[in-house]
Structures are given as structure tokens and as C-alpha cells.
Amino acid sequence: MKNKGYWLLAVAVIIACLIGVVLASQVNKADETTKTDTNTTHSDTSSHSTSTESTDSGDTAETNQVNIADFAFTPATIKVKLGTTVTWTNKDSVRHDVSPDTESEDFKGSELLAKGESYKFTFAKAGTYTYHCTPHPQMTATVVVTE
Ligand SMILES: [Cu+2]
């Protein structure tokens with residue numbers, strides 16, 4: 001009698017597991033479809049916004065002034081002529097720096113800049129220089145130096 005009870009229990013557990021697996025797979029499928037749906041709408045809106053951004057002012061600004069504010073370098077990409085001195089000014093109360101992804105004589109990084117402090121560097125060699133902020137590596141930007 002006891003054995004029968006165990007068997008029933010075992011069968012019930014197996015059935016419950018199977019139902020669980022079937023339900024889970026259905027839920028996953030439903031999730032995947034909703035995910036792909038939202039993805040397509042997201043990519044739609046993002047492509048729209050990027051196109052409006054590029055028509056407004058362009059992602060690349062021809063300026064030698066870069067503001068560091070709200071945890072971002074603005075403009076993120078600047079284009080300057082050879083021999084230009086670029087000035088970065090920190091407007092955040094948090095300290096930031098200008099740290100070249102590849103440190104060299106062509107682009108030397110700054111110390112940490114407190115609020116209101118500036119860093120100047122004169123580019124003497126053409127090239128595309130990417131840089132970031134050491135304490136906040138998600139802050140990235142680019143200087144394009146043309147002949
Ligand atoms: Cu920073």
C-alpha cells in the first residue's frame with residue numbers, strides 16, 4: 001500500500017514537471033515574440049532619432065572647445081585642423097579626466113579635473129584620437145585632426 005502511494009506521488013511529480021516544462025516553453029515563446037516586437041519598434045525609433053540628430057547639427061562638430069558635463073563629453077566628436085589647441089572644461093562637480101585610449105606624444109591625457117578646471121592640448125599630428133574618462137570609462141569621445 002505504501003509503495004502504491006509513492007508511485008502515485010512519483011507519477012504526479014513527473015506530470016507536474018512535464019506541465020511545467022510545456023508552460024515554460026510557451027511562456028518563453030511568448031516572451032521571444034514580444035521581445036522581437038519591442039526590438040523592432042525600438043530600432044525604428046532610434047534610427048529616426050539618429051537621422052534627426054544628424055540633420056540638426058551633425059555628430060561631428062568643428063570646434064576646439066569640449067565641455068565635460070552630465071557625465072559626457074560634448075560634442076562627443078570634434079574635428080580640428082592640425083596645430084589646433086583643444087580645450088576641455090569640466091562643468092560637473094564630479095572630477096573627470098581626458099584619457100586617450102592610446103596614450104602617446106600625439107595625444108597626452110590630463111590629470112583629474114575638478115569643477116571649472118580646464119585642460120588644453122595642441123594636436124601636432126593628423127589622425128583620429130579616441131579618448132575616455134578614467135573614473136567613468138563609459139564616457140567616450142573622439143578628436144579628428146585633419147591636415
Ligand atoms: Cu568622468
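For ligands, and for the atoms within them, numbers begin at 1 and follow the listed sequence. All of these numbers come straight from a predicted model, not from anything done at the bench.
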Subject >> the Cu ion (ligand 1): angle it makes with SG (Cys133) and SD (Met139), nearest 10 degrees >> reply: 110°
Original post:
Does the gap between the ring centers of Phe71 and His96 come in under 6.0 Å?
Top reply: yes
**OP:** Fit a plane to each ring of Phe107 and Tyr129, take the angle between them on a 0 to 90° scale, and name the class: parallel (under 30°), tilted (30 to 60°) or perpendicular (over 60°).
**Re:** perpendicular
**OP:** Taking the side chain as every heavy atom from C-beta outward, state whether Leu82 and Thr84 have any pair of such atoms under 4.5 Å apart.
**Re:** no
**OP:** Kindly give the atom name of the N, O or S atom of His136 closest to the Cu ion (ligand 1).
**Re:** ND1
Subject >> Considering only N, O or S atoms of His96, the one closest to the Cu ion (ligand 1) >> reply: ND1
Subject >> Donor-acceptor contact present, side-chain Asn90 to main-chain Leu113, <3.5 Å >> reply: yes
